[in-house]
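Since the structure comes first, as structure tokens, the remarks are kept for the end.
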There are 2 protein chains.
Amino acid sequence: MRPSTREALVGAAAELLDEGGPEAVTLREVGRRSGVSHNAPYKHFADKEALLAAVAAQELGRRASSLAAAAEQPPDEAVRTAMHGYVAWALENPRRFKLVYGTWRTGSPELATAADSARSRLVGLVTAAQNAGALPGGDPERLTALILALAHGAVDLALSGHLARDGKGRADPDDLIDDLFGHLAKG
Amino acid sequence: MRPSTREALVGAAAELLDEGGPEAVTLREVGRRSGVSHNAPYKHFADKEALLAAVAAQELGRRASSLAAAAEQPPDEAVRTAMHGYVAWALENPRRFKLVYGTWRTGSPELATAADSARSRLVGLVTAAQNAGALPGGDPERLTALILALAHGAVDLALSGHLARDGKGRADPDDLIDDLFGHLAKG
DNA sequence: ACCTGAACACCGTTCAAGT
DNA sequence: ACCTGAACACCGTTCAAGT
């Protein structure tokens with residue numbers, strides 16, 4: 001069966017987001033690409049932000065699935081692999097990354113659920129790595145937060161050009177992740 | 001002497017940014033609060049983005065000054081103090097934080113200079129801490145990037161609600177910074 | 001050099017009306 | 001239940017003109 005109007009709207013919005021950022025997502029163009037009028041979206045979403053939240057939730061759901069794939073690796077490598085995957089996703093889809101972690105004026109339950117799901121999967125990987133002796137002990141949620149914060153910050157700084165780009169101090173997000181795991185292994 | 005028109009425009013833009021985010025910074029309101037017409041800003045800035053870049057550069061310049069203050073502490077504590085200061089600034093001024101590290105369609109040399117200045121000050125603090133034996137060795141630029149990425153990511157995740165908020169795994173950005181320094185000290 | 005007022009194209013949102 | 005067309009208020013930007 002062909003996509004429902006709602007799915008078409010979300011798809012068109014994601015497409016426009018990739019092409020030109022959130023302000024390029026005009027309800028008029030979303031409607032046009034979906035074959036409906038420019039205010040048909042209001043029958044499916046409260047406003048433009050709710051439409052963007054649906055795009056973010058869809059993206060986060062896909063991220064959670066790719067975390068499930070990382071879980072099939074041996075536990076001592078799964079977390080690192082997952083983090084490199086996170087970085088690759090963010091660098092390839094910077095506007096989706098910025099959207100997902102942007103500021104929302106009105107909280108979307110759909111988005112919150114997707115975020116919790118992704119984070120709890122990662123906590124599972126970290127716990128397994130701890131049990132395998134590949135990561136130091138302590139509260140797994142807290143260690144997960146540490147690792148995720150580093151990966152997230154490295155990507156965000158890289159995207160905004162605030163990471164040293166040239167010269168001998170050059171480090172990309174993948175390097176920083178490996179550095180962190182090196183320090184954690186020594187502890 | 002009273003503020004020039006340019007300074008008034010930047011000040012009004014910063015005020016509006018704090019009140020309602022970037023989209024609340026309308027050139028019409030900026031002009032009104034500065035006592036000029038709604039298109040007078042175009043005589044000082046190429047467009048709205050250039051005005052926002054001036055706000056970001058001003059903010060980053062102030063951040064660099066506050067890093068200078070941290071340098072007066074003993075070297076083994078200066079970096080940690082600076083990072084807690086970074087977190088406090090970001091949590092108190094989330095819209096300025098998001099603006100500074102947002103995506104710019106057109107690069108501003110003013111902003112790039114301010115960013116380099118802030119980062120090189122931090123590298124100086126890290127180098128001093130390494131010499132004092134408070135941080136592990138290795139390339140100071142790269143270690144600086146690691147620490148900054150963690151602080152930045154922790155704040156950004158906290159602002160977007162992607163850090164665990166309740167339950168036993170709860171960690172705020174300050175906790176994560178201390179955790180990182182703990183792991184680094186053990187290495 | 002700096003500023004103004006009018007104008008243009010565009011956008012989010014609302015509303016009355018249609019099926 | 002879902003959609004349309006007209007309309008409203010608003011905004012970034014441009015332009016001709018003023019001092």
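Quick note on labels: first sequence line is chain A, next is B, and so on, each numbered from 1.
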What is the distance from [atom1] of [X] to [atom2] of [N], rounded to the nearest Å?
{"X": "B/Lys43", "N": "D/dA16", "atom1": "NZ", "atom2": "C1'", "value": "10 Å"}
{"X": "B/Arg32", "N": "D/dC11", "atom1": "CZ", "atom2": "P", "value": "11 Å"}
{"X": "B/Leu9", "N": "D/dG12", "atom1": "CG", "atom2": "P", "value": "13 Å"}
{"X": "A/Leu51", "N": "C/dT13", "atom1": "CG", "atom2": "P", "value": "10 Å"}
{"X": "A/Arg105", "N": "C/dT13", "atom1": "CZ", "atom2": "P", "value": "11 Å"}
{"X": "A/Phe45", "N": "D/dC2", "atom1": "CZ", "atom2": "P", "value": "12 Å"}
{"X": "A/Tyr42", "N": "D/dG5", "atom1": "OH", "atom2": "C1'", "value": "15 Å"}
{"X": "A/Leu52", "N": "C/dT13", "atom1": "CG", "atom2": "C1'", "value": "15 Å"}

Checklist line | Ion pair B/Arg33/B/Glu15, N-O distance below 4.0 Å | finding: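 So B/Arg33 pairs with B/Glu15 through a salt bridge.
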
Margin query: Check this for me: does any side-chain nitrogen of one of A/Arg63 and A/Glu59 sit under 4.0 Å from a carboxylate oxygen of the other?
Written below: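 No salt bridge links A/Arg63 with A/Glu59.
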
Notebook entry, point to check: Across all strands shown, which nucleotide pairs with D/dG18 by Watson-Crick or G-U wobble geometry, both distances under 3.5 Å?
Noted result: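 By the stated definition (distances under 3.5 Å), C/dC2 pairs with D/dG18.
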
Notebook entry, point to check: In the strands shown, is D/dC8 matched to any nucleotide by a Watson-Crick or G-U wobble pair with both distances under 3.5 Å, and which?
Noted result: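 For D/dC8, the partner nucleotide comes out as C/dG12, under the 3.5 Å rule.
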
Checklist line | B/His152 and B/Tyr86 aromatic ring geometry - parallel, tilted or perpendicular at 30°/60° bounds | finding: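 The rings of B/Tyr86 and B/His152 sit tilted, inter-plane angle from 30° to 60°.
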
Nearest to the side chain of [X], which nucleotide is it out of [options]?
{"X": "A/Thr26", "options": "C/dC3, D/dC2, C/dG12", "result": "C/dG12"}
{"X": "A/Leu27", "options": "D/dT4, C/dG12, D/dC3", "result": "C/dG12"}
{"X": "B/Asn39", "options": "C/dC11, D/dC3, D/dC15", "result": "D/dC15"}
{"X": "A/Arg28", "options": "C/dT13, C/dC3, D/dC3", "result": "C/dT13"}
{"X": "B/Lys48", "options": "D/dG12, C/dC2, D/dT4", "result": "D/dG12"}

Margin query: Taking 4.0 Å as the cut-off, does a side-chain nitrogen or oxygen of A/Thr5 come that near to OP1 or OP2 on D/dC2?
Written below: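 Checking A/Thr5 against D/dC2: no side-chain N or O falls below 4.0 Å of OP1 or OP2.
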
Next item on the list: Would you tell me if any nitrogen or oxygen in the side chain of A/His44 comes within less than 4.0 Å of OP1 or OP2 on D/dA1?
Entry: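 So the side chain of A/His44 is outside the cut-off, no N or O lying under 4.0 Å from OP1 or OP2 of D/dA1.
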
Note to self: Run A/Arg105 and B/Glu23 through salt bridge (charged side-chain N to carboxylate O under 4.0 Å, His left out) and show every step you take.
What the structure shows: CA-CA 12 Å; A/Arg105 293 183 128 73; B/Glu23 65 269 33; 2.7 Å; yes

Note to self: Any donor-acceptor pair under 3.5 Å linking the side-chain atoms of B/Asp156 with those of B/His162?
What the structure shows: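 B/His162 vs B/Asp156: no donor-acceptor pair found between side chains.
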
Next item on the list: Answer with base, sugar-phosphate or nothing: what part of the nucleic acid does A/Val30 contact at a heavy-atom distance below 4.0 Å?
Entry: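 Answer is nothing: A/Val30 stays at 4.0 Å or more from every strand.
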
Next item on the list: Using a heavy-atom cut-off of under 4.0 Å over every strand shown, decide if B/His38 touches base, sugar-phosphate, or nothing.
Entry: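 It contacts base atoms.
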
